[in-house]
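Let me begin by presenting the structure, written as structure tokens, before commenting on it.
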There are 2 protein chains.
Amino acid sequence: MENLLQKLREKGYKMTPQRRAVVTALLECGEFPSAQTILEHVKHTLPDVSLDTIYRNLALLVELGLVQEIHLRGRESNVFELTVTHHHHLVCLSCGKTLCLDHCPIDHRDVAKAAKQGFEIVSHSLEFYGYCRTCRIAG
Amino acid sequence: MENLLQKLREKGYKMTPQRRAVVTALLECGEFPSAQTILEHVKHTLPDVSLDTIYRNLALLVELGLVQEIHLRGRESNVFELTVTHHHHLVCLSCGKTLCLDHCPIDHRDVAKAAKQGFEIVSHSLEFYGYCRTCRIAG
DNA sequence: CTCCTAAATCGTAATATTATTATTTACAAT
DNA sequence: ATTGTAAATAATAATATTACGATTTAGGAG
């Protein structure tokens, strides 16, 4: 949280009760909450918060690298996770379950070198899709 | 296109005029059309086509690995591209421009090994975000 | 502490995407 | 050519996500 405050100040952003509540919700909601789930949690303390505020703050946290957004191809809404260490996810196309993958195969410097166009990479989004063991056995 | 017909047959899917028109549109629309752009192109020959059909066929083509979907973080709608060779994209967070990156740093076997959970990976989605040379110079 | 200003918020509207249902159609087998 | 069946479609509704405008607020400067 102190990390967050510092990053906000660096970029001229402010701390608000709503913003703090979104972070708290991410800490308390368990694994992979959606924007809706976070909204309901935040409403316990801030009943008038708007969904737009949730999305806006999540987008900001993603931009700051403090939160990871996970795209569940075609399924329900996207889900979110506090970034403890940078990592990626496996999404099962059959049951929709999300699994963590500790390993990140991306090196921004290597990619920027391959690009050869003066592009400055600041982040990336990567998900793997397939079938989990349970669904493979069932299917 | 013959490649497409074969892949469809393998999995029990059918070829329809709408499906063919979506592929034609991808060939003729220039770089990175959105679902809306493809809809308008298809309407020239099939005026009653529905947007749902466009999305459904694009999703199928993505599933078959024949089309790549590009997520433009927070900007307009997603865009699509026929897969000639598998590759990824750089998206500029300032002007929204999309650039191709010939190189793919992902090896499904390595990742599956790292996962160690019997997960079978069939595809992945990867985009890089940052700032293109033009926007960096502009400041 | 008060003022100032950019940032943030809420409420609402607009857009993007997916799901549902009844009907139609491709295509393989007869 | 006819038929049967699973897949595909169009129309519509539902949901997810983003944008906009008026108002409020955080937080630094005086």
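Every chain is numbered from 1, with letters handed out A, B, ... down the list of sequences. Not measured: the values here are computed from a predicted model.
- Residue Ser50(A) is in base contact, counting any heavy-atom pair closer than 4.0 Å across all strands shown.
- Taking only distance into account, the side chain of Asp52(A) meets the base of dA19(D) through a donor-acceptor pair shorter than 3.5 Å.
- Leu72(B) places its CG atom 14 Å from the C1' atom of dT17(D), with the value rounded to the nearest Å.
- Between the NZ atom of Lys14(B) and the C1' atom of dA26(C) there is a distance of 5 Å, given to the nearest Å.
- The side chain of Thr16(A) places no N or O atom within less than 4.0 Å of a non-bridging phosphate oxygen (OP1 or OP2) of dA7(C).
- An OP1 or OP2 oxygen of dT18(C) is reached within less than 4.0 angstrom by no side-chain nitrogen or oxygen of Arg56(B).
- For the OP1/OP2 pair of dT15(D) and a distance below 4.0 Å, the side-chain nitrogens and oxygens of Gln36(A) include no atom meeting the criterion.
- The nearest whole Å value for the distance from the NE2 atom in His71(B) to the P atom in dT18(D) is 12 Å.
- Each of Pro17(A) and Pro17(B) was assigned the nucleotide of DNA chain C with the nearest heavy atom; the assignment lying further toward the 5' end belongs to Pro17(A).
- Across all strands shown, Arg19(B) has heavy atoms under 4.0 Å from sugar-phosphate atoms exclusively, and none from any base.
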Go through His103(A) and His87(A) one step at a time and tell me if the ring pair (Phe, Tyr, Trp, His ring centres under 6.0 Å) criterion holds.
-> CA-CA 6 Å; His103(A) 160 76; His87(A) 65 281; over 10 Å; no
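- Side-chain N or O atoms of Thr83(A) include none that pairs as donor or acceptor with a backbone N or O of His86(A) at under 3.5 Å.
- Here dT17(C) is the nucleotide among dA16(D), dT17(C), dA8(D) with the atom lying nearest to any side-chain atom of Asn78(B).
- You'll find that the side chain of Thr53(A) is closest to dC10(C), out of dC10(C), dT9(D), dA26(D).
- Residue-to-nucleotide proximity on DNA chain D shows that, of Met15(B) and Leu51(A), the 5′-proximal contact is made by Met15(B).
- Closest to the Ser77(A) side chain, of the nucleotides dT17(D), dT17(C), dT9(C), is dT17(D).
- Separating the CG atom of Leu64(B) from the P atom of dA8(D) is a distance of 10 Å, rounded to the nearest angstrom.
- Looking at heavy atoms from C-beta onward, Thr98(A) lies out of side-chain contact with Leu90(A) at the 4.5 angstrom threshold.
- In this entry the distance linking OH of Tyr55(B) with P of dA11(D) reads 17 Å, nearest Å.
- If you take NZ of Lys43(B) and P of dA11(D), they are 9 Å apart, rounded to a whole angstrom.
- One interatomic measurement links the two molecules: CD1 of Ile38(B) to C1' of dA16(C), which rounds to 14 Å at whole-angstrom precision.
- Remark: P of dA7(C) and CG of Asn57(A) are 15 Å apart, rounded to the nearest angstrom.
- Position along DNA chain C of the nearest nucleotide to Asp48(A) versus Leu8(A) favours Leu8(A) as the more 5'-ward residue.
- With hydrogens and angles disregarded, no donor-acceptor distance shorter than 3.5 Å links the side chain of Lys43(B) to the backbone of Val49(B).
- Aromatic ring pairs are classed by plane angle as parallel below 30°, tilted from 30° to 60° and perpendicular above 60°; the pair His124(A) and His88(A) is tilted.
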